[in-house]
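Please read the structure below before turning to the comments.
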Amino acid sequence: MSVKCFTKLCLAMFVLVSFSSAATAADKAEIEKIKLPEPRADGTMSLEKALWARKSVRSFSTKAAEWEQVGQLLWAAQGINRPGTKFRTAPSAGATYPLEIYAVLPSGIYHYLPMEHAVEQVVAGDTRAALSAAGLRQGSIQQAACVVVICAAFGRTSEKYADQATRYVYLEAGHVAQNILLQAVALGMGGVPIGAVVDEEGQKALGIPPEQKVVYIVATGFPE
Ligand SMILES: Cc1cc2nc3c(=O)[nH]c(=O)nc-3n(C[C@H](O)[C@H](O)[C@H](O)COP(=O)(O)O)c2cc1C
C-alpha cells in the first residue's frame, strides 16, 4: 500500500472513530437518570412472616407500582447495604457483580444503578407485551406492575473464575430473585420467578447491550 493510500485510510479511520465516540457521548448525555426514594430500613412484616406468605402469584390487579415500591424492589435485588462500599444486599462470587437489573414498567424500561440508587431510562413506553412474548407469552409478565429482569455479563465473573463462572452467575441470580420475591411480599405485593425466556427475544425486547444475557425474570404486582 502506498503512503498516500495509507494516509487516506488512517484519516478515514480517525473520522469514523471520532464520529462514533461523539455519538456515544451524545447518546449517554440524553439518558435521563431518576434518583429513587431512599430504601427503607424497616417494615411492617417480619422476615418470618414474609417466608410463610411467599408463594408464586401469577395474576395481578391493574394497580401501578409507586417509585418507592419499585426502588425498594431494586434495592432488595442489588442495592448497596453497606454505604460507602460496593457491597450489596445479595452475595456475589468474589464480589465480581456480574448482574445488571432492569425494571420494566408501563412507562418504560429502567436500568438500575446500585451505587447511586437511581435508574436510567433506556426505553420509553410499555414493552411488557414484547417481553411476555419472549417469556413464552406468560400473562404474568404482561399484567405485572413491575417486571424485574435479571441480566448477566458473564465475562465479569469468568475473568476471575474461569471454570466455575457460569454456575456462580446462575447461583447469584437465584439469591437476587428470592430477595425480590420476599421484598414484594413485605410490600404487600406478590410475584413469580420466570425462567422460561427465549434469550435472544428477551434481549431484543429489552434492548440490552450484547454482552448481557437475560437470566431470570421476576414479575411482581398487586395480587387481584
Ligand atoms: C428456576 C425457576 C424457573 C421458574 N420458571 C417459571 C416460569 O417460567 N413460569 C411460572 O409461572 N413459574 C415459574 N417458576 C415458579 C414455579 O413454578 C413455582 O415456584 C413452583 O410451582 C412452586 O410454587 P410456589 O412458588 O408457589 O411455591 C419457576 C421457578 C424456578 C425456581
Side-chain angles (χ1 to χ4, degrees), residues 43 45-65 69-70 72-74 76-78 88-93 96-106 109 112 126-154 156-158 161 164-208 212-224:
M45 187 182 283
S46 67
L47 175 61
E48 290 79 3
K49 279 201 175 125
L51 283 165
W52 277 105
R54 190 220 60 84
K55 62 180 180 186
S56 289
V57 177
R58 295 182 178 82
S59 69
F60 305 106
S61 75
T62 53
K63 187 176 168 185
Q69 291 149 341
V70 173
Q72 196 66 34
L73 291 167
L74 294 173
Q78 275 295 271
R88 305 182 185 182
T89 48
S92 174
T96 49
Y97 299 113
L99 303 180
E100 295 291 334
I101 309 295
Y102 295 82
V104 181
L105 308 178
I109 302 179
Y112 183 52
D126 195 351
T127 56
R128 289 174 300 169
L131 192 59
S132 165
L136 309 186
R137 308 212 168 272
Q138 298 194 49
S140 53
I141 296 178
Q142 204 159 343
Q143 285 180 13
C146 174
V147 187
V148 185
V149 184
I150 304 169
C151 298
F154 285 82
R156 291 181 203 161
T157 306
S158 58
Y161 303 106
Q164 297 294 325
T166 306
R167 195 164 65 93
Y168 285 171
V169 171
Y170 289 133
L171 289 169
E172 202 166 316
H175 289 296
V176 169
Q178 181 74 343
N179 279 7
I180 299 165
L181 290 166
L182 291 175
Q183 180 68 78
V185 173
L187 290 171
M189 301 170 79
V192 60
I194 293 175
V197 194
V198 179
D199 282 1
E200 307 77 44
E201 282 182 36
Q203 214 160 349
K204 210 160 75 188
L206 290 168
I208 55 173
Q212 291 178 29
K213 305 281 173 237
V214 179
V215 170
Y216 211 9
I217 292 177
V218 186
T220 69
F222 297 92
E224 276 188 313

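Keep in mind that the numbers below use all heavy atoms, side chains included, and drop hydrogens, waters and symmetry copies. Just follow the structure's listing: the first ligand is 1, and inside any ligand the first atom is 1.
Distances below 4.0 Å separate heavy atoms of Val192 from the following atoms of ligand 1: 10 (C), 11 (O), 12 (N). Per-residue contacts place Gln138 under 4.0 angstrom from the following atoms of ligand 1 (heavy atoms of the residue considered): 7 (C), 8 (O), 9 (N), 10 (C), 11 (O). Interface atoms of ligand 1 facing Lys55, defined by a heavy-atom separation under 4.0 Å, are 26 (O).
Remark: the backbone N or O of Tyr97 is paired with a side-chain donor or acceptor of Arg156 at under 3.5 angstrom. Using a distance-only test at 3.5 Å, with no hydrogens or angles considered, a donor-acceptor pair links the side chain of Thr89 to the main chain of Ala76. A donor-acceptor distance shorter than 3.5 angstrom exists from the side chain of Ser132 to the backbone of Gln138, with no hydrogens or angles considered. Thr220 contributes no side-chain N or O that, together with a main-chain N or O of Gly191, makes up a donor-acceptor pair within less than 3.5 Å. Judged purely by atom type and a 3.5 angstrom limit, Glu100 has no side-chain atom pairing as donor or acceptor with the backbone of Ala153.
Atom 27 (O) of ligand 1 has Arg54 NH2, 2.8 Å as its closest protein atom, hydrogens excluded (heavy atom only). When hydrogens are left out, the protein atom nearest atom 23 (O) of ligand 1 is Ser56 OG, 4.1 Å; that is the closest non-hydrogen contact. With respect to atom 30 (C) of ligand 1, the closest heavy atom belonging to the protein is Tyr216 OH, 3.3 Å. The shortest contact between atom 17 (O) of ligand 1 and any protein heavy atom is with Arg58 NH2, 3.1 Å. For atom 28 (C) of ligand 1, the closest heavy atom belonging to the protein is Pro193 O, 3.4 Å.
Counting heavy atoms from C-beta on, the side chains of Ile109 and Leu131 never come closer than 4.5 Å. The shortest side-chain heavy-atom distance between Met189 and Phe60 does not fall under the 4.5 Å cut-off.
Under the 4.0 Å distance rule, the nearest protein heavy atom to atom 20 (C) of ligand 1 falls outside the cut-off. Protein heavy atoms are found inside the 4.0 Å sphere centred on atom 10 (C) of ligand 1.
The shortest N/O to N/O separation between Gly195 and ligand 1 falls below 3.5 Å.
For NZ of Lys213, the number of neighbouring non-hydrogen atoms (other residues, nucleotides, ligands) closer than 6.0 Å is greater than 12.
Counting heavy atoms closer than 4.0 Å to ligand 1, residue Ile194 contributes atoms from both its backbone and its side chain.
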